[in-house]
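Every chain is numbered from 1, with letters handed out A, B, ... down the list of sequences.
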Amino acid sequence: MSVVIIGGGHGGASAAFELRRSGYRLPITIVGDEPVLPYQRPPLSKAWLKGEASLESLTLRPASWYADNDVTLYLAARVQSIDRGGRQVRLSDGVAVPYEQLVIATGARARQLSIPGATLSNVLMLRTLADADRLKALIRPESRIAIIGGGYVGLETAASSRALGAQVVVVEREQRILARVACGKLSEFFSGVHQANGVRFELSAEVAEFIGETQVRGVRLSDGRVIECDIAIVGVGAIPNDELARACDLPCADGVVVDQHARTADPNIYAIGDVTRRPSQRYDRQIRLESVPNALEQAKQAAAAICGAPAPQAELPWFWSDQYDLKLQIAGMAFDCDEIVIRGDLSARSFSIFHLRGEQIEAVEAVNAPADFMVGRMLIARRTAIVREKLADATVPVRDVAA
Amino acid sequence: MPKITYVSYEGLKRTLEIKEGLTVMEGAIHNSVAGIDAECGGACACATCHVLVDQEWMAKVGPPSDMEKNMLQFASEVGPTSRLSCQIRVTQELDGLVVNTPKTQQSAL
(Lines give C-alpha, C1' and ligand atoms only; values in the text may rest on other atoms or scores of the structure.)
Protein backbone atom coordinates (compact mmCIF):
# COMPACT_ATOMS: atom_id res chain seq x y z
CA MET A 1 0.00 0.00 0.00
CA SER A 2 1.14 3.47 -0.64
CA VAL A 3 0.33 7.11 -1.25
CA VAL A 4 -0.94 8.05 -4.69
CA ILE A 5 -0.81 11.70 -5.70
CA ILE A 6 -3.00 12.87 -8.58
CA GLY A 7 -1.30 15.85 -10.19
CA GLY A 8 2.35 16.43 -11.00
CA GLY A 9 2.43 20.18 -10.42
CA HIS A 10 4.15 22.13 -7.69
CA GLY A 11 1.68 20.92 -5.06
CA GLY A 12 1.70 17.25 -6.01
CA ALA A 13 5.48 17.01 -6.21
CA SER A 14 5.85 18.94 -2.95
CA ALA A 15 3.56 16.44 -1.23
CA ALA A 16 6.04 13.71 -2.21
CA PHE A 17 9.02 15.83 -1.05
CA GLU A 18 7.33 16.54 2.28
CA LEU A 19 6.31 12.91 2.81
CA ARG A 20 9.91 11.78 2.34
CA ARG A 21 11.20 14.59 4.52
CA SER A 22 8.73 13.52 7.21
CA GLY A 23 10.05 9.97 7.12
CA TYR A 24 7.28 8.27 5.14
CA ARG A 25 8.82 4.98 3.91
CA LEU A 26 6.23 3.32 1.68
CA PRO A 27 6.09 3.76 -2.08
CA ILE A 28 4.69 6.99 -3.53
CA THR A 29 3.15 7.34 -6.99
CA ILE A 30 2.56 10.63 -8.77
CA VAL A 31 0.22 10.71 -11.78
CA GLY A 32 0.63 13.89 -13.80
CA ASP A 33 -0.96 14.82 -17.13
CA GLU A 34 1.98 16.88 -18.40
CA PRO A 35 4.84 15.08 -20.19
CA VAL A 36 7.62 16.68 -18.12
CA LEU A 37 9.03 16.39 -14.61
CA PRO A 38 7.23 18.55 -12.03
CA TYR A 39 8.30 22.17 -12.40
CA GLN A 40 7.50 25.58 -11.01
CA ARG A 41 5.00 27.70 -12.92
CA PRO A 42 5.62 31.24 -11.61
CA PRO A 43 8.66 31.87 -13.88
CA LEU A 44 6.72 30.88 -17.03
CA SER A 45 5.32 34.37 -17.57
CA LYS A 46 8.54 36.01 -16.41
CA ALA A 47 12.11 34.66 -16.66
CA TRP A 48 11.17 31.66 -18.82
CA LEU A 49 9.36 33.73 -21.43
CA LYS A 50 12.28 36.14 -21.60
CA GLY A 51 14.72 33.26 -22.07
CA GLU A 52 16.42 33.94 -18.75
CA ALA A 53 15.71 30.59 -17.06
CA SER A 54 16.86 27.08 -17.94
CA LEU A 55 14.65 24.01 -17.91
CA GLU A 56 16.80 22.65 -15.11
CA SER A 57 16.10 25.66 -12.91
CA LEU A 58 12.38 25.36 -13.65
CA THR A 59 12.38 21.66 -12.75
CA LEU A 60 11.70 21.15 -9.04
CA ARG A 61 13.89 18.05 -8.64
CA PRO A 62 15.93 16.06 -11.16
CA ALA A 63 14.68 12.66 -12.37
CA SER A 64 17.25 10.93 -10.15
CA TRP A 65 15.54 12.26 -7.01
CA TYR A 66 12.34 10.36 -7.82
CA ALA A 67 14.23 7.15 -8.63
CA ASP A 68 16.41 7.43 -5.49
CA ASN A 69 13.39 8.08 -3.29
CA ASP A 70 11.05 5.36 -4.56
CA VAL A 71 8.63 7.85 -6.08
CA THR A 72 7.07 6.48 -9.28
CA LEU A 73 6.12 9.10 -11.83
CA TYR A 74 3.40 8.45 -14.38
CA LEU A 75 3.83 11.40 -16.72
CA ALA A 76 1.48 12.36 -19.56
CA ALA A 77 -1.02 10.18 -17.72
CA ARG A 78 -4.55 10.94 -16.62
CA VAL A 79 -6.65 9.56 -13.84
CA GLN A 80 -10.06 8.52 -15.13
CA SER A 81 -11.77 7.91 -11.84
CA ILE A 82 -11.35 7.47 -8.13
CA ASP A 83 -12.84 4.33 -6.61
CA ARG A 84 -13.18 5.28 -2.95
CA GLY A 85 -14.71 1.98 -1.88
CA GLY A 86 -11.99 -0.06 -3.57
CA ARG A 87 -9.30 2.51 -2.66
CA GLN A 88 -7.82 2.69 -6.10
CA VAL A 89 -7.58 5.14 -8.96
CA ARG A 90 -8.09 4.11 -12.54
CA LEU A 91 -5.91 5.69 -15.21
CA SER A 92 -7.28 6.51 -18.65
CA ASP A 93 -5.32 3.59 -20.13
CA GLY A 94 -7.19 1.26 -17.78
CA VAL A 95 -4.43 0.61 -15.26
CA ALA A 96 -5.65 0.54 -11.66
CA VAL A 97 -3.37 1.93 -8.96
CA PRO A 98 -4.29 1.08 -5.37
CA TYR A 99 -3.76 3.58 -2.58
CA GLU A 100 -3.78 3.71 1.14
CA GLN A 101 -3.96 7.49 1.10
CA LEU A 102 -4.76 9.60 -1.91
CA VAL A 103 -3.70 13.22 -2.47
CA ILE A 104 -5.65 15.23 -5.04
CA ALA A 105 -3.38 17.94 -6.41
CA THR A 106 -5.00 18.52 -9.78
CA GLY A 107 -4.67 22.30 -9.68
CA ALA A 108 -6.66 24.66 -11.80
CA ARG A 109 -6.88 25.23 -15.53
CA ALA A 110 -7.01 28.44 -17.47
CA ARG A 111 -10.54 29.64 -18.11
CA GLN A 112 -11.41 29.66 -21.80
CA LEU A 113 -13.35 32.33 -23.60
CA SER A 114 -16.25 30.74 -25.43
CA ILE A 115 -16.51 33.29 -28.19
CA PRO A 116 -16.16 32.92 -31.97
CA GLY A 117 -12.60 32.43 -33.15
CA ALA A 118 -11.30 31.08 -29.85
CA THR A 119 -9.83 28.08 -31.64
CA LEU A 120 -7.87 30.07 -34.23
CA SER A 121 -4.15 29.45 -34.20
CA ASN A 122 -2.09 31.92 -32.16
CA VAL A 123 -4.91 32.33 -29.65
CA LEU A 124 -3.01 31.09 -26.63
CA MET A 125 -3.25 30.65 -22.91
CA LEU A 126 -0.46 30.64 -20.38
CA ARG A 127 -0.71 27.97 -17.77
CA THR A 128 1.68 25.16 -18.65
CA LEU A 129 5.23 24.89 -19.89
CA ALA A 130 3.84 23.79 -23.26
CA ASP A 131 1.71 26.96 -23.39
CA ALA A 132 4.72 29.11 -22.53
CA ASP A 133 6.91 27.40 -25.12
CA ARG A 134 4.29 27.95 -27.81
CA LEU A 135 4.18 31.65 -26.98
CA LYS A 136 7.96 31.93 -26.66
CA ALA A 137 8.41 30.43 -30.11
CA LEU A 138 5.99 32.96 -31.63
CA ILE A 139 7.06 36.24 -30.00
CA ARG A 140 9.23 38.44 -32.20
CA PRO A 141 10.26 42.05 -31.61
CA GLU A 142 7.75 43.06 -34.29
CA SER A 143 4.87 40.97 -32.86
CA ARG A 144 1.59 42.66 -32.03
CA ILE A 145 0.13 40.99 -28.98
CA ALA A 146 -3.37 41.37 -27.57
CA ILE A 147 -3.65 40.19 -24.00
CA ILE A 148 -7.16 39.48 -22.82
CA GLY A 149 -7.36 39.98 -19.07
CA GLY A 150 -5.50 42.45 -16.86
CA GLY A 151 -4.74 40.08 -13.97
CA TYR A 152 -1.31 38.98 -12.81
CA VAL A 153 -0.71 36.48 -15.61
CA GLY A 154 -1.75 39.03 -18.22
CA LEU A 155 0.34 41.84 -16.78
CA GLU A 156 3.44 39.72 -16.22
CA THR A 157 3.15 38.49 -19.77
CA ALA A 158 2.73 42.08 -20.95
CA ALA A 159 5.92 43.12 -19.13
CA SER A 160 7.89 40.17 -20.53
CA SER A 161 6.56 40.75 -24.04
CA ARG A 162 7.61 44.40 -23.88
CA ALA A 163 11.06 43.29 -22.74
CA LEU A 164 11.18 41.18 -25.90
CA GLY A 165 10.23 44.23 -27.96
CA ALA A 166 6.68 43.27 -28.90
CA GLN A 167 3.75 45.71 -29.07
CA VAL A 168 1.19 44.97 -26.37
CA VAL A 169 -2.46 45.89 -25.85
CA VAL A 170 -4.19 44.64 -22.70
CA VAL A 171 -7.97 44.30 -22.93
CA GLU A 172 -9.75 44.28 -19.57
CA ARG A 173 -13.45 43.86 -18.95
CA GLU A 174 -13.43 45.79 -15.67
CA GLN A 175 -12.82 49.51 -15.29
CA ARG A 176 -9.33 48.85 -13.95
CA ILE A 177 -6.61 46.23 -14.18
CA LEU A 178 -6.09 43.81 -11.25
CA ALA A 179 -9.71 44.53 -10.31
CA ARG A 180 -10.26 41.23 -8.50
CA VAL A 181 -6.94 41.02 -6.71
CA ALA A 182 -5.67 44.49 -5.82
CA CYS A 183 -7.00 47.79 -4.53
CA GLY A 184 -7.69 50.79 -6.79
CA LYS A 185 -4.52 52.63 -5.82
CA LEU A 186 -2.34 49.70 -6.77
CA SER A 187 -4.21 49.21 -10.05
CA GLU A 188 -3.62 52.86 -10.85
CA PHE A 189 0.09 52.57 -10.03
CA PHE A 190 0.61 49.48 -12.19
CA SER A 191 -1.39 51.00 -15.05
CA GLY A 192 0.99 53.94 -15.03
CA VAL A 193 4.05 51.72 -14.97
CA HIS A 194 2.83 49.62 -17.87
CA GLN A 195 1.86 52.68 -19.89
CA ALA A 196 5.29 54.21 -19.28
CA ASN A 197 6.70 50.98 -20.69
CA GLY A 198 4.59 51.24 -23.81
CA VAL A 199 1.65 48.98 -22.97
CA ARG A 200 -1.75 50.19 -24.16
CA PHE A 201 -4.91 49.44 -22.18
CA GLU A 202 -8.48 48.98 -23.32
CA LEU A 203 -10.52 49.06 -20.11
CA SER A 204 -14.23 48.30 -19.65
CA ALA A 205 -13.84 46.44 -22.91
CA GLU A 206 -15.49 43.14 -23.69
CA VAL A 207 -14.00 40.86 -26.33
CA ALA A 208 -16.68 39.70 -28.75
CA GLU A 209 -14.68 37.70 -31.24
CA PHE A 210 -11.24 36.68 -32.45
CA ILE A 211 -11.05 37.36 -36.15
CA GLY A 212 -8.94 35.66 -38.78
CA GLU A 213 -9.18 32.77 -41.23
CA THR A 214 -6.89 30.15 -39.72
CA GLN A 215 -4.64 32.40 -37.69
CA VAL A 216 -5.80 35.22 -35.45
CA ARG A 217 -5.32 38.68 -36.90
CA GLY A 218 -7.44 40.74 -34.58
CA VAL A 219 -9.70 40.97 -31.59
CA ARG A 220 -13.13 42.50 -32.09
CA LEU A 221 -14.51 44.31 -29.07
CA SER A 222 -18.23 44.43 -28.31
CA ASP A 223 -18.32 48.08 -29.40
CA GLY A 224 -17.20 46.95 -32.85
CA ARG A 225 -13.65 48.20 -32.76
CA VAL A 226 -10.92 45.82 -33.87
CA ILE A 227 -7.49 45.53 -32.25
CA GLU A 228 -5.15 44.05 -34.80
CA CYS A 229 -2.76 41.40 -33.51
CA ASP A 230 -0.64 38.41 -34.53
CA ILE A 231 -0.93 36.73 -31.15
CA ALA A 232 -3.79 36.80 -28.64
CA ILE A 233 -3.22 35.62 -25.09
CA VAL A 234 -6.20 34.80 -22.91
CA GLY A 235 -5.61 35.25 -19.18
CA VAL A 236 -9.04 35.49 -17.62
CA GLY A 237 -8.71 33.41 -14.49
CA ALA A 238 -8.63 29.75 -13.60
CA ILE A 239 -11.11 27.02 -12.79
CA PRO A 240 -10.35 24.32 -10.20
CA ASN A 241 -9.93 20.83 -11.62
CA ASP A 242 -12.32 19.26 -9.12
CA GLU A 243 -14.21 16.98 -11.53
CA LEU A 244 -12.60 13.74 -10.29
CA ALA A 245 -13.50 14.64 -6.72
CA ARG A 246 -17.07 15.54 -7.65
CA ALA A 247 -17.46 12.33 -9.63
CA CYS A 248 -16.71 10.29 -6.52
CA ASP A 249 -19.03 12.43 -4.37
CA LEU A 250 -16.47 14.31 -2.36
CA PRO A 251 -17.99 17.62 -1.25
CA CYS A 252 -16.89 20.48 -3.54
CA ALA A 253 -17.76 24.16 -3.64
CA ASP A 254 -15.74 25.76 -6.42
CA GLY A 255 -12.90 23.54 -5.26
CA VAL A 256 -12.57 20.38 -3.17
CA VAL A 257 -13.56 21.17 0.40
CA VAL A 258 -10.80 20.30 2.87
CA ASP A 259 -10.09 20.89 6.56
CA GLN A 260 -7.02 22.46 8.19
CA HIS A 261 -5.12 19.19 7.64
CA ALA A 262 -5.91 19.23 3.91
CA ARG A 263 -8.24 16.28 4.46
CA THR A 264 -11.40 15.89 2.40
CA ALA A 265 -14.63 14.37 3.69
CA ASP A 266 -13.00 10.97 3.06
CA PRO A 267 -10.35 10.35 5.77
CA ASN A 268 -8.10 8.59 3.26
CA ILE A 269 -8.23 11.36 0.70
CA TYR A 270 -6.42 14.68 0.94
CA ALA A 271 -6.50 17.59 -1.48
CA ILE A 272 -3.96 20.41 -1.78
CA GLY A 273 -3.24 23.52 -3.78
CA ASP A 274 -5.31 25.51 -6.28
CA VAL A 275 -7.99 22.82 -6.46
CA THR A 276 -9.03 23.18 -2.82
CA ARG A 277 -11.43 25.28 -0.86
CA ARG A 278 -9.76 25.45 2.50
CA PRO A 279 -10.30 27.02 5.89
CA SER A 280 -8.37 30.15 6.74
CA GLN A 281 -7.83 30.44 10.45
CA ARG A 282 -6.80 34.09 10.24
CA TYR A 283 -9.83 35.18 8.22
CA ASP A 284 -12.30 32.71 9.70
CA ARG A 285 -13.75 31.59 6.38
CA GLN A 286 -13.30 29.12 3.53
CA ILE A 287 -11.07 30.38 0.72
CA ARG A 288 -9.66 29.10 -2.54
CA LEU A 289 -6.17 30.35 -3.29
CA GLU A 290 -4.08 30.10 -6.42
CA SER A 291 -0.53 30.37 -5.20
CA VAL A 292 2.63 28.37 -4.66
CA PRO A 293 2.91 29.14 -0.92
CA ASN A 294 -0.63 27.83 -0.45
CA ALA A 295 0.18 24.58 -2.26
CA LEU A 296 3.36 24.14 -0.21
CA GLU A 297 1.54 24.78 3.06
CA GLN A 298 -1.12 22.21 2.27
CA ALA A 299 1.51 19.72 1.07
CA LYS A 300 3.07 20.01 4.53
CA GLN A 301 -0.33 19.62 6.21
CA ALA A 302 -1.16 16.48 4.24
CA ALA A 303 2.30 14.95 4.78
CA ALA A 304 2.11 15.59 8.52
CA ALA A 305 -1.37 14.09 8.75
CA ILE A 306 -0.38 11.01 6.72
CA CYS A 307 2.72 10.47 8.87
CA GLY A 308 0.88 11.14 12.13
CA ALA A 309 3.20 14.06 12.83
CA PRO A 310 2.13 17.29 14.58
CA ALA A 311 0.33 19.71 12.27
CA PRO A 312 2.56 22.48 10.92
CA GLN A 313 1.93 26.05 12.04
CA ALA A 314 -0.81 27.87 10.11
CA GLU A 315 0.55 30.27 7.52
CA LEU A 316 -0.82 33.54 6.23
CA PRO A 317 -1.67 33.64 2.51
CA TRP A 318 0.98 35.47 0.52
CA PHE A 319 1.68 36.17 -3.13
CA TRP A 320 4.24 37.87 -5.29
CA SER A 321 4.54 39.24 -8.80
CA ASP A 322 7.52 40.57 -10.78
CA GLN A 323 6.89 43.18 -13.47
CA TYR A 324 9.72 45.22 -15.01
CA ASP A 325 11.99 46.21 -12.12
CA LEU A 326 9.15 46.00 -9.59
CA LYS A 327 8.62 43.32 -7.02
CA LEU A 328 5.12 43.21 -5.62
CA GLN A 329 4.68 41.18 -2.45
CA ILE A 330 1.25 40.75 -0.91
CA ALA A 331 0.51 39.32 2.52
CA GLY A 332 -2.95 38.56 3.82
CA MET A 333 -6.31 39.25 2.23
CA ALA A 334 -8.30 42.48 2.42
CA PHE A 335 -11.67 41.12 3.57
CA ASP A 336 -14.10 43.68 5.07
CA CYS A 337 -11.51 46.44 5.37
CA ASP A 338 -12.57 49.96 6.21
CA GLU A 339 -9.46 52.00 5.46
CA ILE A 340 -6.19 51.98 3.57
CA VAL A 341 -2.94 53.55 4.74
CA ILE A 342 -0.16 54.27 2.29
CA ARG A 343 3.39 54.13 3.50
CA GLY A 344 6.20 55.42 1.32
CA ASP A 345 6.19 57.25 -1.96
CA LEU A 346 4.42 55.99 -5.07
CA SER A 347 6.51 58.20 -7.31
CA ALA A 348 9.70 56.72 -5.83
CA ARG A 349 8.35 53.25 -6.78
CA SER A 350 8.83 51.96 -3.26
CA PHE A 351 5.72 51.95 -1.11
CA SER A 352 3.14 49.80 0.61
CA ILE A 353 -0.60 49.86 0.88
CA PHE A 354 -1.91 48.60 4.19
CA HIS A 355 -5.53 47.52 4.47
CA LEU A 356 -6.97 48.07 7.91
CA ARG A 357 -10.00 46.88 9.74
CA GLY A 358 -10.22 48.90 12.91
CA GLU A 359 -6.73 49.00 14.38
CA GLN A 360 -5.58 45.78 12.74
CA ILE A 361 -3.84 45.21 9.44
CA GLU A 362 -5.66 42.63 7.32
CA ALA A 363 -3.44 42.80 4.21
CA VAL A 364 -0.44 44.61 2.81
CA GLU A 365 0.54 45.19 -0.81
CA ALA A 366 4.24 46.10 -0.88
CA VAL A 367 6.02 47.34 -4.01
CA ASN A 368 9.81 47.20 -3.74
CA ALA A 369 9.31 47.38 0.02
CA PRO A 370 10.29 43.99 1.42
CA ALA A 371 10.56 45.22 5.00
CA ASP A 372 6.92 46.34 4.95
CA PHE A 373 5.95 42.96 3.53
CA MET A 374 7.92 40.91 6.06
CA VAL A 375 6.84 42.93 9.10
CA GLY A 376 3.31 43.35 7.75
CA ARG A 377 2.97 39.60 7.43
CA MET A 378 3.85 39.16 11.09
CA LEU A 379 1.56 41.99 12.27
CA ILE A 380 -1.34 40.54 10.28
CA ALA A 381 -0.80 37.02 11.58
CA ARG A 382 -0.65 38.22 15.18
CA ARG A 383 -3.53 40.70 14.79
CA THR A 384 -1.34 43.38 16.34
CA ALA A 385 -3.07 46.71 16.89
CA ILE A 386 -1.15 49.49 15.17
CA VAL A 387 -1.00 53.28 15.24
CA ARG A 388 -2.11 54.73 11.90
CA GLU A 389 0.11 57.81 12.11
CA LYS A 390 3.20 55.67 12.66
CA LEU A 391 2.25 53.29 9.89
CA ALA A 392 1.77 56.16 7.46
CA ASP A 393 5.12 57.72 8.40
CA ALA A 394 7.91 56.02 6.47
CA THR A 395 10.50 57.61 8.77
CA VAL A 396 9.17 55.47 11.64
CA PRO A 397 10.66 51.96 11.24
CA VAL A 398 7.95 49.52 10.28
CA ARG A 399 8.94 47.36 13.24
CA ASP A 400 7.76 50.18 15.52
CA VAL A 401 4.23 50.77 14.28
CA ALA A 402 2.49 48.66 16.94
CA ALA A 403 0.26 50.49 19.40
CA MET B 1 31.16 20.74 -12.55
CA PRO B 2 31.77 23.18 -9.71
CA LYS B 3 31.68 21.63 -6.24
CA ILE B 4 29.69 23.39 -3.55
CA THR B 5 29.89 22.42 0.11
CA TYR B 6 26.84 22.94 2.29
CA VAL B 7 27.54 22.88 6.04
CA SER B 8 24.58 22.40 8.36
CA TYR B 9 24.27 24.21 11.70
CA GLU B 10 25.34 20.94 13.33
CA GLY B 11 28.52 20.93 11.25
CA LEU B 12 27.50 18.19 8.82
CA LYS B 13 29.10 18.75 5.43
CA ARG B 14 27.75 17.79 2.04
CA THR B 15 29.84 18.48 -1.02
CA LEU B 16 27.90 18.33 -4.26
CA GLU B 17 28.63 18.91 -7.92
CA ILE B 18 26.26 21.64 -9.08
CA LYS B 19 25.84 22.45 -12.72
CA GLU B 20 26.86 25.94 -13.79
CA GLY B 21 23.89 28.23 -14.27
CA LEU B 22 21.86 26.79 -11.41
CA THR B 23 21.74 28.77 -8.20
CA VAL B 24 23.22 27.63 -4.90
CA MET B 25 19.62 27.30 -3.67
CA GLU B 26 18.59 25.09 -6.62
CA GLY B 27 21.65 22.93 -6.07
CA ALA B 28 20.56 22.39 -2.49
CA ILE B 29 16.90 21.70 -3.27
CA HIS B 30 17.70 19.29 -6.12
CA ASN B 31 19.84 17.29 -3.72
CA SER B 32 17.55 17.47 -0.68
CA VAL B 33 20.06 19.46 1.37
CA ALA B 34 18.36 20.13 4.70
CA GLY B 35 18.17 23.66 6.03
CA ILE B 36 17.04 25.51 2.90
CA ASP B 37 13.30 25.94 2.40
CA ALA B 38 13.10 28.25 -0.64
CA GLU B 39 9.34 28.74 -0.40
CA CYS B 40 9.13 31.09 -3.39
CA GLY B 41 11.29 28.93 -5.63
CA GLY B 42 13.98 31.52 -6.21
CA ALA B 43 12.14 34.81 -6.77
CA CYS B 44 13.91 36.67 -3.95
CA ALA B 45 10.47 37.02 -2.37
CA CYS B 46 10.54 35.05 0.87
CA ALA B 47 13.99 34.99 2.54
CA THR B 48 13.82 31.25 3.31
CA CYS B 49 17.00 30.20 1.45
CA HIS B 50 19.38 32.18 3.65
CA VAL B 51 22.99 30.99 3.88
CA LEU B 52 26.13 32.33 5.48
CA VAL B 53 28.89 32.33 2.90
CA ASP B 54 32.28 31.18 4.13
CA GLN B 55 34.27 34.34 4.80
CA GLU B 56 37.06 33.61 2.34
CA TRP B 57 34.55 33.20 -0.50
CA MET B 58 32.73 36.44 0.09
CA ALA B 59 34.84 38.46 -2.36
CA LYS B 60 34.08 36.06 -5.20
CA VAL B 61 30.40 35.67 -4.31
CA GLY B 62 29.89 39.40 -3.95
CA PRO B 63 27.45 41.45 -1.90
CA PRO B 64 23.65 41.24 -1.99
CA SER B 65 21.53 43.60 -4.09
CA ASP B 66 19.47 46.24 -2.26
CA MET B 67 16.30 44.15 -2.54
CA GLU B 68 18.10 41.09 -1.22
CA LYS B 69 19.69 43.10 1.59
CA ASN B 70 16.25 44.26 2.66
CA MET B 71 14.88 40.72 2.65
CA LEU B 72 17.91 39.48 4.60
CA GLN B 73 17.12 41.75 7.55
CA PHE B 74 14.31 39.34 8.30
CA ALA B 75 16.15 36.06 8.02
CA SER B 76 17.28 34.41 11.24
CA GLU B 77 20.91 34.14 12.44
CA VAL B 78 22.02 36.79 9.96
CA GLY B 79 25.72 37.67 9.80
CA PRO B 80 28.03 39.86 7.73
CA THR B 81 28.35 37.17 5.01
CA SER B 82 24.63 36.41 4.75
CA ARG B 83 23.18 35.92 1.27
CA LEU B 84 20.00 34.48 -0.17
CA SER B 85 21.22 31.37 -1.95
CA CYS B 86 18.66 31.81 -4.77
CA GLN B 87 20.60 34.90 -5.78
CA ILE B 88 24.01 33.17 -6.07
CA ARG B 89 24.50 31.64 -9.50
CA VAL B 90 26.99 28.79 -9.70
CA THR B 91 29.97 29.44 -11.99
CA GLN B 92 33.30 27.69 -12.47
CA GLU B 93 34.80 30.52 -10.47
CA LEU B 94 32.78 29.39 -7.43
CA ASP B 95 34.21 25.84 -7.58
CA GLY B 96 34.93 24.95 -3.95
CA LEU B 97 32.44 27.42 -2.44
CA VAL B 98 31.42 26.71 1.15
CA VAL B 99 28.12 27.95 2.54
CA ASN B 100 26.63 27.43 5.98
CA THR B 101 22.90 26.87 6.46
CA PRO B 102 21.18 28.32 9.54
CA LYS B 103 19.29 26.30 12.11
CA THR B 104 15.98 27.67 10.88
CA GLN B 105 14.71 29.60 7.89
CA GLN B 106 11.80 30.96 9.86
CA SER B 107 11.86 34.70 10.22
CA ALA B 108 13.56 36.14 13.26
CA LEU B 109 10.62 38.51 13.87
Worksheet item: For A:Q281, does the CD atom sit with more than 12 other heavy atoms under 6.0 Å from it, leaving out its own atoms?
Response: no
Worksheet item: Non-hydrogen atoms of chain A under 4.5 Å away: do they reach the side chain of B:A47, the backbone, both or neither?
Response: side chain
Fill in: Between OG1 on residue B:T15 and CD1 on residue B:I18, distance to nearest 0.5 Å
10.0 Å
Worksheet item: How about A:T128 and A:E34: does a side-chain donor come under 3.5 Å of a side-chain acceptor?
Response: no
Item to complete: Tell me, yes or no, whether the heavy-atom count around A:K390 atom NZ, taken from other residues, nucleotides or ligands under 6.0 Å, exceeds 12.
Response: yes
Item to complete: Using a strict cut-off of less than 4.0 Å between a Lys/Arg side-chain nitrogen and an Asp/Glu carboxylate oxygen, indicate whether A:E156 and A:K46 qualify as a salt bridge.
Response: yes
Item to complete: Apply side-chain hydrogen bond (donor to acceptor under 3.5 Å, both in side chains) to the pair A:T276 and A:Q298, showing each step before the final yes or no.
Response: CA-CA 9 Å; A:T276 66; A:Q298 291 184 296; 3.1 Å; yes
Worksheet item: Checking A:T59 against chain B: side chain, backbone, both or neither under 4.5 Å from a heavy atom?
Response: backbone
Response to the item:
Greatest number of non-hydrogen atom pairs under 4.5 angstrom with chain B, of A:L60, A:D322, A:D68, falls to A:L60
Discussion item. Is B:E39 in contact with chain A via its backbone, its side chain, both, or neither, using a 4.5 Å heavy-atom distance?
Written reply: both
Fill in: chain B contacts, top residue of A:A53, A:A371, A:A47 (heavy-atom pairs, under 4.5 Å)
A:A371
Worksheet entry | B:L22 versus chain A, the contacting section by heavy-atom distance below 4.5 Å | side chain
Fill in: Interface moiety of A:F17 toward chain B, non-hydrogen atoms closer than 4.5 Å
neither
Worksheet entry | Non-hydrogen atoms of A:G8 and A:I30 that approach each other most closely | CA-CG2, 3.8 Å
Worksheet item: Relative to chain B, which segment of A:Q329 carries a heavy atom at a distance below 4.5 Å: side chain, backbone, both, or neither?
Response: side chain
Worksheet item: Is it the side chain or the backbone of A:R21 that comes within 4.5 Å of chain B heavy atoms, both, or neither?
Response: side chain
Item to complete: Please determine, among A:R61, A:R20, A:H10, the option with the most heavy-atom pairs under 4.5 Å with chain B.
Response: A:R61
